[in-house]
Amino acid sequence: MLNRLFTGLLLAVLLTACQTYAPTRPDLQEASLPALQVYLQEGRLSSEELIVYYLDRIASLDKQGPILNAVISLNPEAANEARLLDEERRTGQVRGPLHGIPVLLKDNIDAVGMANSAGSVLLKDNQPPDDAFLVQQLRAAGAVILGKANLSEWANFRSSRSSSGWSSLGGQTRNPYDSSRSTCGSSSGSAVAVAANMVAAAVGTETDGSLVCPAAVNGIVSIKPTLGLISRDGIIPIAHSQDTTGPMARTVSGAVILLEAMAGEDPGDSVSYAGGLDFSRHLKIDGLAGKRIGIVRNLTGYHDLLDRQFDAQLEILRRQGAILIDKVELPTLDQWDDDEFTVLLHEFRQDLAAYLQASQSPYRSLADLIVANDKHAAVAMPLFGQELFLMAEDSSGEEQQLKYEEALQRARRLAGAEGIDAAMDQHRLDLLIAPTTGPAWKIDYLNGDHFLGSASSAAAVAGYPHITVPMGFVQVAEEPALPVGISFFGRARSEAVLIEAAYGYEQATQHRVPPSGY
């Protein structure tokens, strides 16, 4: 039923715009955000035509053909909004580099006119009363919200045996490089839609790895910013101490443009801050020159082909002027894992209740959702259960509160001051690098995700920035080649330094290759 309703809406939206559709439009395959803006400025393309192009891609790739299941819902007003932005452009009003550009939102972000579901059938009718602060920022910058992207249900925080990219509302998102393999998560649909050219840019969220992992295994760029650079308002949460939104695009420049548009101080978010938002000026071809970069060797060693590809990048970095310091280690690696889990369980229960109580959902607490999941288990939990929900519900009480407060302080110190900062101080570094994560594993509903390793955790727990960029492919025999990513991460609020390094690397390598047949 969901797919039939989705297809009907899609056809209706396409028909409203077909009369202005231009068959002589420029080639939009792999078009970056800067390129699209040039086409719009030159009058070679209208925003309405661009919307129709991407809707056609969604119809042919997402709900038919390979059935990637990257998109849960569409904005029924997208074509109308595009027409209004086209009219603004004709009268000389251009809001910025996102004017008229369609953007997908992960389906845990509030946007008026579209349900915000976290991928759960329980929230399929959860209509937010207003836009999340970051969505207000995007609309003010001229972006068109095209629709909502599929995700790992509840941002992958319902079961320890979950399959990344699966949700009870949207089904299994599939990797366009090999549909039998995982998309990673939880920003699965956002990554796949960008990778398969169903949109030029999308918004995801991360608590630990949910931006950078799906970006890496789907061959795109993502930026997890410093906690507070983008408001946490209007997002179905896991934990306020680590949750952040971030951009996903095919190029570093596209991700930076989207980052700038979303960033901004929100008086309603206690950690939100302003300043240093002109990141575009850090898109420097020579951005690697003179930078002291630490190679974090204790974030390697879990996949030999991945390590081989990573090591092949080091000479490229040197040729671009980087000063590489090898055998750097995060001295506290893995020491914060138990504390992080304690924090996530404790904050999830409280933060989710706060979101639900401000929403129009009939559920008001995690306990309500647990009961509803059991009641509707056949559709809500056909593949795996809700043991993380149950653990989080049991994480209350005075004793648990004290354990949480100690764990939060200790985890941040171990990942930040005694982890990333200590390693950088010891070697006088500008940033750190490592492979982002292993290549995509086979989708396995019996055992869940086969996760080998990642560079995400330290930056996630510390609240520090992290960028992943495609670093080529790994392949065995006749199996499809699978994309992998390289991570650039560092101190709090060091986005400018990381962007320079990531852009310089991207321009020197151009490793992004679209999936075959898309």
Side-chain angles (χ1 to χ4, degrees), residues 31-41 45-48 50-51 54 75 77-106 109-114 128 130-149 190 193-194 199-205 211 221-223 225 228-235 244-269 272-283 495-496 499:
S32 66
L33 286 186
L36 291 174
Q37 198 56 240
V38 169
Y39 298 152
L40 291 166
Q41 290 169 356
L45 178 72
S46 71
S47 178
E48 187 176 1
L50 185 58
I51 293 287
Y54 285 131
N75 177 9
E77 295 298 316
N80 291 332
E81 292 171 12
R83 289 190 200 101
L84 292 174
L85 289 162
D86 284 334
E87 181 59 30
E88 285 186 12
R89 186 182 295 276
R90 280 191 289 269
T91 61
Q93 303 176 59
V94 177
R95 303 184 190 185
L98 279 182
H99 191 102
I101 300 292
V103 174
L104 275 174
L105 303 175
K106 184 176 179 179
I109 302 170
D110 284 350
V112 172
M114 289 164 279
D130 55 15
D131 287 334
F133 183 85
L134 73 92
V135 176
Q136 297 173 34
Q137 295 283 93
L138 288 173
R139 293 192 197 275
V144 178
I145 306 305
L146 184 61
K148 305 294 285 292
S190 299
V194 171
V199 72
V203 181
T205 66
L211 283 163
V221 174
S222 187
I223 302 174
L229 182 61
I230 301 175
S231 171
R232 298 166 297 179
D233 168 68
I235 299 170
T244 184
T245 308
M248 310 184 87
R250 289 187 289 275
T251 64
V252 175
S253 60
V256 167
I257 289 169
L258 190 55
L259 176 68
E260 288 182 335
M262 290 190 291
E265 187 170 7
D266 175 10
D269 185 339
S272 178
Y273 66 92
L277 302 185
D278 187 13
F279 294 129
S280 294
R281 66 187 179 90
H282 294 282
L283 295 169
E495 280 85 353
I499 287 166

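Residues meeting the side-chain hydrogen bond (donor to acceptor under 3.5 Å, both in side chains) test with Gln137, sequence neighbours left out: none. Applying the side-chain hydrogen bond (donor to acceptor under 3.5 Å, both in side chains) rule to Glu260 yields the partners Ser280; only residues at least two apart in sequence or on another chain are considered. Looking at residues two or more places apart in sequence or on another chain, you find no side-chain hydrogen bond (donor to acceptor under 3.5 Å, both in side chains) involving Asp86.
Taking both residues in full, the closest heavy atoms of Arg83 and Arg90 are given as O-NH2, 4.4 Å, listed atom of the first, atom of the second, then distance. Listed here is the closest heavy atom pair of Leu33 and Ala201: CD1-CB, 4.0 Å. Minimum interatomic distance between Phe279 and Ala496 (heavy atoms only, all atoms of both residues): CE2-N, 4.2 Å. Of all the heavy atoms in Thr245 and Met262, the pair that sits closest is CG2-SD, 4.1 Å.
Two residues are said to be in side-chain contact when any heavy atoms from C-beta on lie closer than 4.5 Å; Thr244 and Leu229 fail this criterion.
Evaluated for a side chain to side chain contact (heavy atoms under 4.5 Å, CB included) with Ile101, the options Leu40, Val144, Leu85 yield exactly one hit, Leu40. Screening Asp110, Leu105, Leu134 for a side chain to side chain contact (heavy atoms under 4.5 Å, CB included) with Ile235, the sole residue that qualifies is Leu134.
Remark: the Asp266 side chain and the Ser272 side chain contain no N/O donor-acceptor pair separated by less than 3.5 Å. In summary, the side chains of Lys106 and Thr205 do present a donor paired with an acceptor at a separation below 3.5 Å, with no hydrogens or angles considered. Ser46 and Glu48 are not linked by any side-chain donor-acceptor pair at a separation below 3.5 angstrom, with hydrogens and angles left out of the test.
To the nearest 0.5 angstrom, Ser47 atom OG is 11.0 Å from Leu98 atom CG. Remark: Met248 CE to Leu259 CG distance equals 13.5 Å, nearest 0.5 Å.
Judged purely by atom type and a 3.5 angstrom limit, Arg89 has no side-chain atom pairing as donor or acceptor with the backbone of Gly100.
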